[in-house]
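All heavy atoms count here, side chains included; hydrogens, waters and symmetry mates do not. A note on names: the letters A, B, ... follow the listed sequences, proteins ahead of strands, and every chain is numbered from 1. All values reported here derive from a predicted model rather than from experimental measurement.
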Amino acid sequence: MSSTTEGTKYKVIGTRPVRHDGADKVTGRAVYGADLRLSGMVRGRILRSPHAHARIKSIDTSAAEQLPGVLAVATRNDLPNLKDKIANLGEGAVNLAHLSANVLAHDKALYKGHAVAAVAAINNHVAEEALALIKVDYEPLPAVMDLTEAMRDGAPLLHDDVHTNSMGKKSEKPSNISTHIHFETGDVDDAFAKADVIVEREFRTASVHQGYIEPHVATALWNADGHLTVWCATQGSFTARQQTSELLQIPVSRVTVVPCEIGGGFGGKIAVYLEPVAAILSRKCGRPVQLVMNRDEVFEGTGPTPGSATRVKLGATNDGKLVAGEAWLAYDAGAFPGGMIGPGCMCVFSCYEFPNARVDGYDVLVNKPKTQAYRAPGATQAAFACETVIDELAERLGVDPIEFRLNNAAKEGTRRVDGPVYPRVGLVETLEAARNSEHWKTPLEGPHRGRGIASGYWFNIGLKSSAAANVNPDGTVSLIEGSTDIGGTRASIAMQLAETLGIRAEDVKPRVADTDGVGYTDVTGGSRVTFATGMAAHEVGLDIQRQMTERAAALWECDVESVEVEGNTYKANGNSITFAELAGKLGQTGGPVVGRAAVDPQGSSHGFGTHLVDVEVDPDTAKVTILRYTAIQDVGTAIHPAYVEGQMQGGAVQGIGWALNEEYFFDDQGHMQNASYLDYRMPTSLDVPMIDTIIVEVPNPAHPFGVRGVGETPIIAPPAAIANAIHGATGVRMHELPMSPPRLWAQMNKNGS
Amino acid sequence: MKDFEFQTATTVDEAVSLLAARGERAKVLTGGTDLLVQLREGMREADMIVDVKKIDELMQLAYAADKGLTLGAAVPCYRIYGNSEIAAAYPALADSARIIGGWQIQSRASVGGNLCNSSPAADTIPSLIALDAVCHLAGPQGRRTVPVAEFCTAPGKNVLGRGEILATLVFPAPADNSGSAYLRFIPRNEMDIAVAGAGSWVRLNAAGDTIEAARVALAAVAPKPLAATSVSEFLAGRPAVEQTYEEAAELAKNAATPISDKRGTADYRRHLAGVLTRRTLAIAVARARGQQL
């Protein structure tokens, strides 16, 4: 279900053509990283730390190296020393020493599952046997898993060279708190003093994984000429190239990254893990080396997203106006600094107008895998806290939760607590769409049932994209782009080129090129690809159109200025020719036409969403059943509505999993107990109803077709919406994720309901 | 995973001698849905795998209303719920067979294998105990029988000796006015391991208002599947009404000795033992009265 302006203004945009990579994907022909077979290729496996925290006194690989069938062994000794080198990776900077130490542990293992050594061998079984022969002398150290514990003085320190950076000032003593962020606007204390109603609550959320189906994979060939080629599953081939070249200290020009099809990333396939290790092994043995993680390695060795401890305090007047907000957020960063606290702090109050607000945020080191981005990184934890308190405040004031949100909604001109002022945005429209929806207007009946609502905001980024296209003599266009296609972006980018040229989507043939085949392109992340690479495709189209206009003028021997373009037709002085006909005459009018563009749009495209959910809670077991779910989002313009709906549905389902059952479950040694999809409980198709969608289109003034990012916003609202629905069903307010049956049951019993 | 030798036995004697020769280093393969995963994940090691699916005795599924059921140890789950007579005569067993994994798993996985894997959370074992099934074992010293209730000894451990295999499970003929049911609790709706489970069997009087005999067994609330004898003894002679099931539920909670782990807390599991006992008793009684549930 959706309400779009499909077909009102555009010919291609808003339609639902079959995706260009569809046949390959549904028939299994698409080549994913682990499908790759190269002549002479061998396999590698990684040895991982059995301790959550330990000093690595020595690594003896001699016995492993002597095992027949073993071709190479790699350890920390094979990585260049990168102490304190900072690299800008497009979407944020990274301390290369930390990145290097995450790829293969240096002096310490900082989490269970931390890579310590690697082996290349004739097959996986021999490689695994060899791992068992590597002797690592560990000195186990006390581990700290809980972030509030880690913040205390005297807690076990992960790094003795990390000091708290608080607003530019470094702490004297080393600390597990790597960053303290502070935002403040207005007079917060005075505003709380004048508020009629104040609600303050504390929240906890568990570490959760992105849960992509495809495990990490990389194949590397260090050729005899010194050129390195890496085939991998990555969200950004250029960032993979840069990280690999920096970690190995070889020029980017000596590295080619070939992006394979990717089975999900959600932010977790931006940092490199296997690529540099496969490269080292290949350099040592002279053969292509393929590394594929097992599922437990994915859970224990790659980024989950932060667990959090937060406190939100909101004040309002009796007439339903928010007057003050205060938030304290601590997010775990995992084993290395640089978690998701920044966006958490920026997003916590991003849906509302707060004349007075204060936010403090802390990035905290714990003995867990280094956290990575996960779909609107940091926003979901913050929204769970803020939107739950908003709901309670509305209840206390006796105001309808949609009306309360509308009364205070962020809109054009609203200043976010971290500074930026919104241009035209669509939160109000999503709330109005919620209020007008069949879902909201249908009364919820029956015992143990409740309805919840919550809103969410994500920035969506721009950044760099390049594209080029060749006009074929049959009137089709071959498009070359650098954005790895995770969510149907070949289609959404091709459609924007087709719209510009007045041709059919099917007449554009998109191809994702490797790092030597296309200009620099930033990651597929930040909900940027349909926005920014789409913008590049539009400019490619304009470039082609300009050249085609010249060809028409050459054909008719008239001034270029006299040629007019109408859709796919070029006209001048009574002459008329279609794009396809003209494409057939390029040979006579000057040769091939190649369009190209490189863009770097700055700023955000601002995605707001509002979700509605009905739940039923089993009063005996506290199991939550999702009865009905509607995701509503301002997407600017829906290029391919089916994939927009797919993003909204997928985000909602991941949010449902985060809300109800997903969590890293550690024992008291910091060992994850549920590193498999059996016990890390993501929802299956039997656990969610059809996710209804309502597409709201408030065009983005900063994009030629009005596109806003779509992919991330829909994961933000679900946990809060479900918590609010559970309150309706049981009277219990849940302040901890996941709201799993044992946890909800304990709360229901505590409240005597 | 290391290389291993693979043998296909065609008789019980052949399987027993192969296994007896290798002891712990040889493993029995039926459906393989536990074993292969355990080998791949390094939870078990083996030098030899002995496939027993070619042994007729272990693949038999023989039912007669007056004689009962003989279930070969290697018979896959789908053949149980796919046989309407057997599913009607032993509904708790069919309940269990239907919820182990998905269809692909059910077409490989066997009840015998589930029993020999001896997980405290196994979904078939409470039903086997409730239905009073007996294990027929074959080993180097010959044949012997052990009630299912005495088969498991600890998590992953059972009474099988060196070279000994489970050949068949034998169920008594269904009594008149009897019914049974198995339920487990999982946080999702499929593809999950029981947080707790309960299997109940009841025999009513001819009027259908009194429980003459009952057996209740619990999963995932003790180091091994638990025959809740205090509950079973309490139920004999009680009226078949909700009040009785609630009292039985309290006894089941007392019988449970669960732990807290990734799947649930001890308190919650104890609570679930009660909920599931109450619910399975209600279903078993309804089935004993002839209702299709």
Trainee: Would you give the length of the straight line joining atom CZ of B:R40 to atom CG of A:N294, rounded to the nearest 0.5 angstrom?
Mentor: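 Taking CZ in B:R40 and CG in A:N294, the distance rounds to 9.0 Å.
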Trainee: Keeping B:R188 on the side-chain end and A:M682 on the backbone end, is there a donor-acceptor pair under 3.5 Å?
Mentor: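 Yes; judged by distance alone, with no hydrogens or angles, the pair exists.
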Trainee: Any residues in residues 656-681 of chain A near chain B, with a heavy-atom distance under 4.5 Å, and which are they?
Mentor: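 Residues A:N661, A:F665, A:Q673, A:N674, A:Y677, A:L678, A:D679, A:Y680, A:R681 are the ones that qualify, each having a heavy atom under 4.5 Å from chain B.
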Trainee: Give, as side chain, backbone, both or neither, the part of B:R269 having an atom under 4.5 angstrom from any heavy atom of chain A.
Mentor: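 Neither the backbone nor the side chain of B:R269 comes within 4.5 Å of chain A.
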Trainee: For the CG atom of A:D687 and the CD1 atom of B:I186, what is their distance to the nearest 0.5 Å?
Mentor: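 Answer rounded to 0.5 Å: 8.0 Å.
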Trainee: Of the listed residues (B:D261, B:L276, B:T265), which shares the most heavy-atom pairs with chain A below a 4.5 Å separation?
Mentor: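 Of B:D261, B:L276, B:T265, B:D261 has the most heavy-atom pairs under 4.5 Å with chain A.
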Trainee: Report, as yes or no, whether the 6.0 Å neighbourhood of atom CD on B:E242 holds more than 12 heavy atoms from other residues, nucleotides or ligands.
Mentor: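 Atom CD in B:E242 is packed in, count exceeds 12.
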Trainee: If we only count heavy atoms from C-beta on, is the A:W745 to B:L272 side-chain gap below 4.5 Å?
Mentor: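 Heavy-atom side-chain distance check fails, nothing below 4.5 Å.
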Trainee: So which residues of residues 615-627 of chain A are in contact with chain B at a heavy-atom cut-off of under 4.5 Å?
Mentor: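 Hits under 4.5 Å: A:D618, A:D620, A:T621, A:K623.
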Trainee: In terms of heavy-atom proximity below 4.5 Å to chain A, should B:D3 be classed as side chain, backbone, both, or neither?
Mentor: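 Answer is neither: B:D3 stays 4.5 Å or more from chain A.
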Trainee: Where is the tightest heavy-atom contact between B:G264 and A:P742, given as atom of each residue plus distance?
Mentor: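 In this case the closest contact between B:G264 and A:P742 is CA-CG, 4.0 Å.
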Trainee: Please say whether more than 12 non-hydrogen atoms of neighbouring residues, nucleotides or ligands are located less than 6.0 Å from CE in B:M48.
Mentor: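 Buried by this count: over 12 neighbours within 6.0 Å.
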